[in-house]
Amino acid sequence: MPYTDNYERDTYGIIDFWVRNNFEHGEFFDREISHHELELARTNHQMVQRMGMIFNRAEKKTVDIGLLLDEAKSSTREFRELLLHTMDKSLKCEVIISTPVSLLDHMIREAEEAEKVFMLVETGTYISPSDATIHENNFWLRQMLDHLIFISHYVDASNYQLHDEVRAMTKKFENLFLQANALKTIIRRPRGEVSPVLNTFNQMIIKEAKALEAFKLELSELIKNCAAVTTAPPNLLEHIAREAHHLWRNLEDQVVN
């Protein structure tokens, strides 16, 4: 599926983004399930098919938005529960998969975040600009850190220069994540408008997230052209580039969506 970063920020677009994320997670998970785990593979495949239909309908905007939101919530909950069950079995060595536990946890966190966003959409809850950007930084910076770790996991050890670049970025995002955690308690509730300190940090994140997005897309082209030795799925880098784009756009708009 091609890289998409221009979806409208209406309810259909929000559903599209989050259900597409889960759909692609399901696709990545599918390739790492052992052929011995037939029931797990079958269940995951059914969920992938269902989520694919949901985000396709979100793109077309022809379905009642209330019904579509209900389907998005239901499919996300079921997918999260499947991943939670699998992670529990993995920790007990009761399932044969090649997916790292940290990646299962990563996907579960995004499913949980999707459920929170759907609830915000459904209730129309107002989130102040300050609360929104603090939340986005704390959630997505951890996901960006995970992305860099997963890139290192998939890229062959022979790519020394590439691994050096990934390590440098990982260190940078580790520091940004620590700073985001610090600001979460330094800038206490009640929070209103974005303070100068938080604005400076947000602008820093926007700059680095744009650079990370560009790096992921460049690496994606190398992988597509078989020019980088890696075991990464062909669309993995596009998937995580879309999330980097989502982060900096949310910070610019000062929203959670």
Side-chain angles (χ1 to χ4, degrees), residues 2-9 13-14 16-18 20-21 24 106 109-110 113-114 116-117 127-155 159 161-188 191-224 228 232 235-257:
Y3 175 67
T4 55
D5 60 7
N6 59 348
Y7 63 91
E8 292 183 43
R9 293 296 176 111
I14 293 169
D16 182 337
F17 173 82
W18 286 106
R20 187 188 298 264
N21 259 21
E24 291 179 350
H106 176 95
R109 277 185 268 122
E110 285 195 23
E113 182 69 7
K116 293 174 185 174
V117 171
I127 306 292
S128 74
S130 185
D131 275 328
T133 57
I134 284 174
H135 172 82
E136 292 300 280
N137 283 333
N138 275 268
F139 177 78
W140 282 111
L141 283 173
R142 183 175 179 187
Q143 301 303 96
M144 297 300 114
L145 254 180
D146 283 353
H147 292 164
L148 288 162
I149 293 168
F150 299 148
I151 289 172
S152 184
H153 166 76
Y154 284 117
V155 172
N159 292 290
Q161 181 59 36
L162 186 52
H163 276 289
D164 273 350
E165 292 179 49
V166 173
R167 277 192 290 268
M169 287 187 180
T170 302
K171 180 60 180 175
K172 183 178 293 184
F173 275 83
E174 282 176 348
N175 288 338
L176 293 173
F177 180 53
L178 288 172
Q179 188 168 347
N181 272 287
L183 289 178
K184 190 175 182 178
T185 54
I186 289 172
I187 304 173
R188 303 244 174 183
R191 305 186 186 108
E193 295 304 310
V194 174
S195 68
V197 168
L198 181 56
N199 180 60
T200 298
F201 183 60
N202 289 344
Q203 297 309 310
M204 189 187 310
I205 301 302
I206 290 170
K207 176 185 175 182
E208 296 301 337
K210 287 181 177 180
L212 182 59
E213 177 189 12
F215 170 77
K216 291 170 176 177
L217 290 176
E218 289 169 9
L219 181 54
S220 179
E221 286 304 306
L222 291 176
I223 292 171
K224 285 180 182 178
N235 61 332
L236 174 66
L237 273 295
E238 287 188 356
H239 171 89
I240 59 180
R242 188 186 305 122
E243 293 183 358
H245 189 98
H246 185 80
L247 166 59
W248 68 256
R249 277 194 65 183
N250 279 6
L251 292 182
E252 284 192 343
D253 296 343
Q254 298 185 352
V255 296
V256 176
N257 76 21

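- In this structure, Leu219 and Ala228 approach most closely via the heavy-atom pair CD1-CB, 4.4 Å.
- Between the side chain of His163 and the backbone N or O of Val155 there is at least one donor-acceptor pair closer than 3.5 Å.
- To the nearest 0.5 Å, atoms CG (Leu247) and CG (Asn137) are separated by 6.5 Å.
- Of all non-hydrogen atoms in Lys216 and Ile240, the two that sit nearest each other are NZ-O, 3.1 Å.
- Annotation: the span from Asn21 atom CG to Asp16 atom CG amounts to 9.5 Å, rounded to 0.5 Å.
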Check residues 169-183 and write down every donor-acceptor pair under 3.5 Å in which the side-chain atom is one partner and the other belongs to a residue at least two apart or another chain.
{"from": "Thr170", "atom 1": "OG1", "to": "Val166", "atom 2": "O", "distance (Å)": "2.7"}
{"from": "Lys172", "atom 1": "NZ", "to": "Glu208", "atom 2": "OE1", "distance (Å)": "3.4"}
{"from": "Asn181", "atom 1": "ND2", "to": "Phe177", "atom 2": "O", "distance (Å)": "3.0"}

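- A side-chain donor from one of Glu243 and His239 sits under 3.5 Å from a side-chain acceptor of the other.
- The closest side-chain heavy-atom distance from Glu113 to Val256 is below 4.5 Å.
- In this structure, Arg188 contributes its side chain and Thr185 its backbone to a donor-acceptor pair below 3.5 Å.
- Atoms CD1 and OG, from Ile187 and Ser130 in turn, are 5.5 Å apart once rounded to the nearest 0.5 Å.
- Scanning all heavy atoms of the two residues, the minimum distance from Ala209 to Trp248 falls at CB-CB, 3.9 Å.
- If you take CE on Met204 and CG on Asn199, they are separated by 10.5 Å, rounding to the nearest 0.5 Å.
- Residues Pro129 and Gln254 come closest through the heavy atom pair CB-OE1, 3.1 Å.
- Lys184 meets the salt bridge (charged side-chain N to carboxylate O under 4.0 Å, His left out) test with no other residue; sequence neighbours excluded.
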task: Could you walk me through whether Gln143 and His147 pass the side chain to side chain donor-acceptor pair (under 3.5 Å) test, one step at a time?
output: CA-CA 6 Å; Gln143 301 303 96; His147 292 164; 5.5 Å; no

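- Between the side chain of His153 and the backbone N or O of Ala232 there is no donor-acceptor pair closer than 3.5 Å.
- Judged as a salt bridge (charged side-chain N to carboxylate O under 4.0 Å, His left out), and not counting sequence neighbours, Glu218 has no contacts.
- For the residue pair Ile14 and Arg9, the shortest heavy atom distance occurs at CD1-O, 4.5 Å.
- Taking the side-chain contact (heavy atoms from CB on, under 4.5 Å) definition, one finds that Ser220 meets it with Lys224, Leu237, Glu238, sequence neighbours left out.
- Considering every non-hydrogen atom in both Trp18 and His246, the closest pair reads CZ2-NE2, 4.2 Å.
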Worked verdict on Glu252 versus Lys210 for salt bridge (charged side-chain N to carboxylate O under 4.0 Å, His left out): CA-CA 12 Å; Glu252 284 192 343; Lys210 287 181 177 180; 3.5 Å; yes

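- Listed by chain and number, the residues in a ring-ring contact (aromatic ring centres under 6.0 Å, His included) with His135 amount to none (sequence neighbours excluded).
- A distance of 10.5 Å separates CD in Gln203 from CD1 in Ile205, rounded to the nearest 0.5 Å.
- Leu162 has its side chain out of reach of Ile151: every pair of non-hydrogen atoms, C-beta onward, lies at least 4.5 Å apart.
- The salt bridge (charged side-chain N to carboxylate O under 4.0 Å, His left out) test applied to Arg109 returns Asp105, Asp146, not counting sequence neighbours.
- For the atom pair Tyr154 OH and Ile149 CD1, the distance stands at 13.0 Å (nearest 0.5 Å).
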